[in-house]
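Shown next, in structure tokens, is the structure this report addresses.
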Amino acid sequence: MKFVKIVFFILTSVFLSTCDLPHQPGPMPTDIVETEFEPGLNIMGVLRADNQTGSSFVNINRALTTEEIYSEGIENFSPDVDFVKVKSRKTGVENVFQAPEDSSDWGNYRDSTLDVIAGEVYDLEIQAHGFPTLTGTTQIPHTPQLVSNSLSMESGKINFQIQHMSSAHEYKIYLFFAASVIEKVVKPNSGSIIDVAWSFSASRGSPIYLGLTALDENLTRYGNSPISFIPNTYHPDGSTVTGGYGCFGSVAVSIVII
């Protein structure tokens, strides 16, 4: 009997030493993969089809090494940029984004004349001395629309249908109240109509506006890319640009008065 207990103890110890607990990351690689840091620009660019000129932007800095992230000071985080160009494939019109004259809009480049057109394709090109040329492409989603006569509302609840277009890969919708705003993410389904039933606290009052925002493939993929905080684990780069890091995407916006 004593021998059986000893064997059971040994087998249990081996089992526990070879299995991972629920909070552990699982089997780790035994080989160290040698990687070399590749300098490059790191951007977040969003073209907005919202019937407003100048609302689109490209925020530019540079990729940092691990040592720099944890250092006390970072030099040249926002490097001097030679140019930021956004070109419409349909019209061939090229817009040059400029840096702000003051530091209130730090890192953001804009063109006050650009009026983004829903459904069109735009190309981005950025050049900065000492860095590879960064390029990206986005197809602007079509303007999101409600199905006619689908909007209904009662105390603490609103129902409506969205006319889904394939150019939209995700929707972010907003309810604007007199003193607050709430947000909801809606994933497209396989059909052409998306049903939305949205409950909210009646204490907020009655909503005033309904904001519909359709996201392109780039913003959707970049926003949903996994982020790992577990050391020594592989995290794939979710960038949607070439020659650098980050995302160049677009949204189409519509506002419905309730």
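These values consider heavy atoms only, across backbone and side chains, with no hydrogens, waters or symmetry-generated copies.
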Going only through I, L, V, M, F, W and Y residues with side-chain contacts under 4.5 Å, is there a path from [X] to [Y]?
X: Leu151; Y: Leu212; value: yes
X: Leu134; Y: Phe131; value: yes
X: Met165; Y: Leu215; value: no
X: Met153; Y: Leu146; value: yes
X: Val81; Y: Leu124; value: yes

Contacts of type side chain to side chain contact (heavy atoms under 4.5 Å, CB included), residue [X], not counting sequence neighbours:
X: Gln161; result: Val147, Ser150, Ile193, Asp195
X: Thr137; result: Arg89, Val121, Asp123
X: Lys157; result: Glu154, Asn159, Ala197, Ser199
X: Thr91; result: Ser88, Val93

How long is the straight-line distance from [atom2] of [Y] back to [atom1] of [X], given to the nearest 0.5 Å?
X: Gln127; Y: Thr135; atom1: CD; atom2: OG1; value: 10.5 Å
X: Asp82; Y: Asp80; atom1: CG; atom2: CG; value: 8.5 Å
X: Leu47; Y: Glu120; atom1: CG; atom2: CD; value: 11.0 Å
X: Ser55; Y: Asp111; atom1: OG; atom2: CG; value: 11.0 Å
X: Phe97; Y: Phe83; atom1: CZ; atom2: CZ; value: 13.5 Å
X: Ile162; Y: Ile194; atom1: CD1; atom2: CD1; value: 5.5 Å

Would you mind reporting whether [Y] and [X] have side-chain heavy atoms less than 4.5 Å apart?
X: Ile117; Y: Ile140; value: no
X: Asn108; Y: Val58; value: no
X: Leu114; Y: Thr53; value: no
X: Phe160; Y: Ile158; value: yes

By side-chain hydrogen bond (donor to acceptor under 3.5 Å, both in side chains) - contacts of [X] (at least two apart):
X: Glu94; value: none
X: Asn42; value: Asn61
X: Ser167; value: His142
X: Ser166; value: none

Ring pair (Phe, Tyr, Trp, His ring centres under 6.0 Å) with Tyr171: which residues, sequence neighbours excluded?
->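 Ring pair (Phe, Tyr, Trp, His ring centres under 6.0 Å) list for Tyr171, sorted by chain: His164.
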
Backbone of Ser192 reached by a side-chain donor or acceptor of Gln163 within 3.5 Å =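 Checked: pair present.
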
Would you say the side-chain atoms of Ser239 pair up with the backbone N or O of Tyr245, donor to acceptor, closer than 3.5 Å?
->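 No; judged by distance alone, with no hydrogens or angles, the pair does not exist.
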
Minimal non-hydrogen separation, Ala168 against Ala214, with atom names |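 Looking at all heavy atoms of both residues, the shortest contact is CB-CB, 3.8 Å.
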
Please name the pair of heavy atoms, one in Tyr222 and one in Met44, separated by the smallest distance, quoted to 0.1 Å.
->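 That closest heavy-atom pairing would be CE2-CE, 3.5 Å.
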
Pair up each side-chain donor or acceptor in residues 173-190 with any protein partner under 3.5 Å, not counting sequence neighbours, and list the distances.
| unit_1 | atom_1 | unit_2 | atom_2 | d |
| --- | --- | --- | --- | --- |
| Ser180 | OG | Arg204 | NH1 | 2.9 |
| Lys187 | NZ | Glu170 | OE2 | 2.4 |
| Asn189 | OD1 | Gly191 | N | 3.0 |

Give me the one residue out of Ile43, Leu219, Val46, Val241 that meets side-chain contact (heavy atoms from CB on, under 4.5 Å) with Cys247.
->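 Of the listed residues Ile43, Leu219, Val46, Val241, the side-chain contact (heavy atoms from CB on, under 4.5 Å) partner of Cys247 is Leu219.
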
Just wondering, are more than 12 heavy atoms of other shown residues or ligands nearer than 6.0 Å to CG in Asp115?
->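 Atom CG in Asp115 is packed in, count exceeds 12.
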
Can you name the salt bridge (Lys or Arg N to Asp or Glu O under 4.0 Å) partners of Arg48, sequence neighbours left out?
->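 Result, salt bridge (Lys or Arg N to Asp or Glu O under 4.0 Å) vs Arg48: Asp50.
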
Result block: side-chain N/O donor-acceptor pairs under 3.5 angstrom for residues 248-258, not counting sequence neighbours:
| unit_1 | atom_1 | unit_2 | atom_2 | d |
| --- | --- | --- | --- | --- |
| Ser250 | OG | Thr138 | OG1 | 2.7 |
| Ser250 | OG | Gln139 | O | 3.3 |
| Ser254 | OG | Pro144 | O | 2.8 |

